[in-house]
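Note sheet for the following structure.
Just so you know, ligand 1 is whichever comes first in the structure, and atom 1 is the first atom listed for that ligand. No hydrogens, no waters, no symmetry mates; every other heavy atom, side chains included, goes into these values.
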Amino acid sequence: MTLDRNATHDASSSASHHMWGGRFGTRPDEALAALNDSLPIDRRLWMQDIRGSKAWVTALHEASVLDPDERTALHEGLDRVGERLAAGGEIDATDEDIHTLVERLLYEEVGDVAGKLHTGRSRNDQVVTDLRLWCLDAIEALDEQVAALGMALVRQGRDGVDMLLPGYTHGQQAQPVRWAYVMAAHAWPLLRDRERLGEIVGRVAVLPLGSGALAGSGVAVDRERLCELLGFRAISQNALDATGDRDFVAEMLFAATLLATHVSRLGGELVTYSSTEYGFVRLSDAFSTGSSLLPQKRNPDVFELARAKASRTLGDLVAMLGTMRGLPAGYSKDLQEDKTLLFDAVDTMLVTLPAVRGAVATMEPVPDRMRSALRDTLLATDVADELVNVGIPFREAHGLTGRLVREAEALGVPLREVPSEHTKQIHEGLPDILEGLGSFEDSVERRRTVGGTSKASVEAQLDALEQFFSN
Ligand code: ARG
């Protein structure tokens, strides 16, 4: 067979070190090992595994399970194992998982005293401790990238405060807006993403270590001390819950997916705006891609892929919730799947965000194209508002303006060029209103409420966003 996916399960190297072989007459079948082993996925937890194990050694020592020499030997041994793994050692290892691998290497480094490391501990509390530590780093990495993308949008906005373009709803021209306003509209969701990432930290940073397999540890370790050693904020309160709880993974996946969804919407909009027909933005060479057949193409692959990645992370989220549903409390092997899904979603975003940020930072808005897309009908709401100002109830003003738009369409002229003989028929005040309608700038400036399109409002938004994304 040619589907060579880690096909070589060499029983020999891990045969010598198995965590649970005692009660079985033979080693697991190769087919079982191929399904069950998770080292190719969880190998990347090695750093967290060593950190957690070192803290566990300290706690065992403080609980008088290890004497000072044993503690030192194990600490130094774990450091050496870490060095070997950092240097890319054991790349072909066929151990069951990262926990087994680290323990086997520890035996190589320190001999039999390695056998004391796992006292009072289970892989059930160990793996979820490692994963929570990993998540805390992942949150930081994501947060940094989200802030950088947010800042790129703010910078585009700063340059685009005076560029006007049609604002769209339902894909139809609705009212004029500023380019900065559109950029800010995509930055606000990222602000919420950062807030969300910050909020889940409190639920991720809960220490499960010391839970044993499900019933608590038989060794009287000081869990508060472990919490402090590993930088967690609280300790779990029920070992059966703590070993089977993957809510934090689901929350990470939701946060990643909503983030991906926001980036997808930004991408989708920029695919449209970079098209030949719109031409509102031009991608830089470094962030455009070409076609193998069509020499003229300048493709926005970066935004198309950003658009697609949200489906992938959504798949990860749905698969995780699907895995969790129906499981009894405590650890079930189903939960081993958590890492594949979590790593995929986080990796996906850590590849996507820098590329989108680069593309946003280097794209060039084309204000002439934006302006030439502005149609007079974008001022229809302003006409209705002016009719309101001369005392007409809005509902009626809306109807009168609708008739004006219909008239303009029938005559094939812009709103303001409908002859006054016609507009007078609709309402006697209309000729003056159309006369004094002013520019598209006047229209955006008329929207001065917080969150509106006026320059002052947009600049206040950019200030707030910049402040938020710069720390
Ligand atoms: N590789 C396992 C996982 O990722 C570690 C925990 C195994 N626990 C067990 N009882 N077999 O979930």
N/O to N/O under 3.5 Å, ligand 1 against protein:
residue	atom	partner	partner atom	Å
ligand 1	1 (N)	Ser38	OG	3.2
ligand 1	1 (N)	Asp97	OD2	3.1
ligand 1	1 (N)	Gln336	OE1	2.7
ligand 1	4 (O)	Lys339	NZ	2.6
ligand 1	8 (N)	Asn124	OD1	3.0
ligand 1	10 (N)	Asn124	OD1	3.0
ligand 1	12 (O)	Tyr331	OH	2.4

>> Using a 6.0 Å cut-off, check whether atom CD of Glu195 has over 12 heavy atoms from anything other than its own residue.
In response: yes
> Rounded to the nearest 0.5 Å, how far does CZ of Arg371 lie from CH2 of Trp179?
Replying inline: 15.0 Å
> Do Val65 and Lys116 come within less than 4.5 Å of each other through their side chains, counting heavy atoms only?
Replying inline: no
> Mind checking what makes salt bridge (charged side-chain N to carboxylate O under 4.0 Å, His left out) contact with Glu90, not counting sequence neighbours?
Replying inline: Arg84, Arg104
Pairs of donor and acceptor atoms involving the side chains of residues 227-236, under 3.5 Å and at least two apart or interchain, shall be tabulated with distances.
residue	atom	partner	partner atom	Å
Glu228	OE2	Arg225	NH1	3.4
Ser236	OG	Leu207	O	3.1
Ser236	OG	Arg223	NH2	2.9

> According to the ring-ring contact (aromatic ring centres under 6.0 Å, His included) rule, which pairs have a member within residues 31-56, sequence neighbours left out?
Replying inline: none
